[in-house]
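Everything below concerns the one structure shown next.
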Amino acid sequence: MKNFFKLSIGLFFTAVAFTSCNDQKSNKSNGALSSSNAEKVYIAPGEHDSHYAFLSGGYSGNLTVYGLPSGRMFKEIPVFSQFPTNGYGYSEETKPMLETSYGFVPWDDSHHPDISQTNGKLDGRWIFINGNNTPRIARISLTTFETEEIIEVPNSAGNHSSSFITENTEYVVAGTRFSVPVPQRDMSIKDYKGNFKGALTFISVDPEHGHMDIKFQVLMPGFNYDLSHPGRGKSHGWFFFTTYNTEEANSLLEVNASQNDKDFIAAINWKKIEEYVNNGGGTMMPAKYAHNLHSDVTHTATSTMKNEVRVVNPSEVPGAVFLLPTPKSPHGCDVDPTGEYIVGNGKLSANLTVHSFTKMIDAIENKKFDGDAYGIPILKFEDVLAGSVEQPGLGPLHTEFDGKGNAYTTFFISSEVVKWKLGTWEVIDRKPTYYSVGHLAIPGGNSREPFGKYMFAMNKITKDRYLPTGPEMEHSAQLYDISGDKMELIYDFPTHGEPHYAAAIPAEIIKDQSQKIFKLAENEHPRKTLSDAEGKVVRDGNNVHIYMTMIRSHFSPDNIEGVKVGDKVFFHITNLEQDFDVPHGFAMIGANNAELLIMPGQTRTLTWEAKQVGVWPFYCTDFCSALHQEMQGYIRVSPADSDIELSWSLGE
Amino acid sequence: MKKAGIVMVLGSLLLLGLFKFPLWNIMLGAPQYPEPLGMNIYIQGIKGVSEFDLQNIDGLNHYIGMKTIPKPEDMWEFAVFPKVIIGMVVLGVAIGLLGFFEKISYKYFLGWFVLMSVLGILGMYDFNNWLISYGSDLDPHAIIKVTNPDGSPMTYKPPLFGHQKLLNFDVTSLPHIGGYLMFVGMSLTLVAFWLGRRFSLKKHGRVIS
């Protein structure tokens, strides 16, 4: 009893402590300032946000679509991961999207989305994103908001300095974080140094269809290529990659790759290499990699295995590759809107290093070299340095630009965003993030013309920002108004997966092109069914193909008999609707894969194995209409030796 | 009389707009259809306002047992109306030209207007009859059967003119460009009549004095 009393008092004080703490917090956020901030992010019911934001899903492997400034999530677009929610990667049509040279890989780690550009401005046609783990680049349509194409990147491992695009979307570029033996072979890990290679891959993008094709790979020394960005404006034609582990350590990298005082930013004159390649330069090398393409006409993806890739050694093209010394394992590699400044965010450095493109060209022309690495000229640090931001914070990672001469850099360790001025290198403002920010994004931040109204920071640590949800939590993001001199934190919202980078764009550039339906008349799926009357069931050995339609509120056929134990049943289902936002779902009892969500005018196929005798139901999973609950059917499964003929019907 | 003749010709020719623009339009909005579905009624047939509107209206109407929207070949009106309009245009132009050359009296202008009005009223009467049958000739096996408070089965006749609430739909029925052009054209023939009359009175007056 005494103990209980003590405990009660203890709890009482704890409660008081928490209460007062809460009071303090709420007092802080109840000012007039926060109410005007509320107005800045309030989007009234039925109103639309002014910007789209596309956040990478990190370990979800996907891409999420948000609105700014509301922080509302509109969609999760499956890219590199199977998505049982709509059957992506489960349906027969979409399974080929996840094929690789390693076989079917149902997951990846998506990092850096980048929106296509024309003349250095966002054109809103496609968004590209990299799969980090099993190197791949995906192209997502910004009319269907679905993944249309995935290309695997051979000779690469840890596809991290990707997927950034050049200013006319000539190339989407993918650099390897881990250097590896090229070609892969059985060798001692200790022989890393001097033997491993880092492949920087330039993937051409067809200007009309967006189709990707590897144009060439530059086989660089065995450093880690961490991040990259294209030159733009005056530096268009160049591409810049940060490196770390120029020590070429192969173990305990946290120590062994942090020894050199300076690592490099690798500057690649891709126009020069392109010209070399167009004149037959480079070597075709055997390499297996998958190229997967989904068609909105056949509603089917195909996977093609490619067998060779063109590689170029830097030594073959003199004057195309240079190394810019940059302090302390730089992470982000960011180019300002004019193309003059290249920011190397040395993550272990106290200062932020900014290189000058003009000075770099000058140093190259005057051959001011300071030795070489594996034959690649190293420029003198002092000759290329534009300036440095002194002591801006701890652990700089990434920098974005507002198009008004300011840069915004994230600091992971001191957990803040710092605004500084290009050219004078003075710090203008700093604001905390909650907590430990990774990337930040400004709409159009990687282009010649950023839309500098909002900036959002994507954090790695959430802790107490939201109601707790056990040990695992979604990551937090904070939205800042950057229209004034000082940044203002105006909103805080949870994100899905682990967003790394994000790309954002004013809504009016893309919202009107968003597709509503697929036209049935244009459906060229080989197993489409265009009317209820055309529904049929066809046996091909142990495979049973059901050609089915769905429309509010029935399947046709909805009674199927003659299926036998051991049969593999393929439901080829066409959604006959031609009305906006009327998808139908399809779920089959005991299916070992997923459901299907089928958009109006689309055909999708789910495979189901008949394992047990009985009468088994299927139904529509998407509440489509007032009679959605009636949208169902049955399949009769008879013993393997039964002689019941296939039959099917609707409404008899 | 020259002026009157020209106005008469112009007025009649405006009827040709009916071959290009809808005579009438019916829009159906609902909570689920913030962008309403719609049908444009031409003298040659009914078309959706957007590409798939007719299919979607039919899809929804099957719940309450309405027939599908008729195709041009399903209704004699869509074959006859164009001929009637062409006939009236030819007649109006002929009368106008004859008036222009002062071969006939301005009173023919009024005659044309009266004939056109009678035909128009007959057309509206016929159209309304179709709306009644479309809205009330329901499939006895309809999925959803709604009754009025008095127990009689609810019917779904769209309004001939104006707005009406039908279950969850707000239905608005109004003339469209072709219809307005026809009204303007018919008004012009009245103007022609008035001009002709004024000319005739003046001429007559001069003769007298």
Legend entry - Heavy atoms of other groups near A:Phe74 CZ, more than 12 under 6.0 Å: yes
Legend entry - Heavy-atom neighbours of B:Lys165 NZ exceed 12 at 6.0 Å: yes
Legend entry - Part of A:Leu520 lying under 4.5 Å from any heavy atom of chain B: neither
Inset, instruction - Would you check if A:Ser625 and B:Tyr63 make a side-chain contact, meaning some heavy-atom pair closer than 4.5 Å? - result: yes
Inset, instruction - Enter the distance from B:His62:NE2 to A:Ile551:CD1 here, rounded to the nearest 0.5 Å. - result: 8.0 Å
Legend entry - Heavy atoms of other groups near A:Phe145 CZ, more than 12 under 6.0 Å: yes
Legend entry - Region of B:Gln32 in contact with chain A, defined by heavy-atom distances below 4.5 Å: neither
Legend entry - Enclosure of B:Tyr108 OH (heavy-atom neighbours >12, cutoff 6.0 Å): no
Legend entry - Close side-chain approach of B:Phe52 to A:Lys519, heavy-atom, < 4.5 Å: yes
Legend entry - Gap separating the CD atom of A:Gln578 from the OG atom of B:Ser50, nearest 0.5 angstrom: 12.5 Å
Inset, instruction - Give a yes or no on whether B:Lys145 atom NZ has more than 12 heavy-atom contacts from other residues, nucleotides or ligands under 6.0 Å away. - result: yes
Inset, instruction - Not counting sequence neighbours, list each pair that qualifies as a ring pair (Phe, Tyr, Trp, His ring centres under 6.0 Å) and has a residue in residues 509-538 of chain A. - result: A:His299-A:Phe518
Inset, instruction - Could you grab the distance from atom CD1 of A:Ile517 to atom CD of B:Glu51, nearest 0.5 Å is fine? - result: 6.5 Å
Inset, instruction - Would you please test A:Arg552 and B:Leu60 for side chain to side chain contact (heavy atoms under 4.5 Å, CB included) and show each step? - result: CA-CA 9 Å; A:Arg552 282 165 287 178; B:Leu60 295 167; 3.8 Å; yes
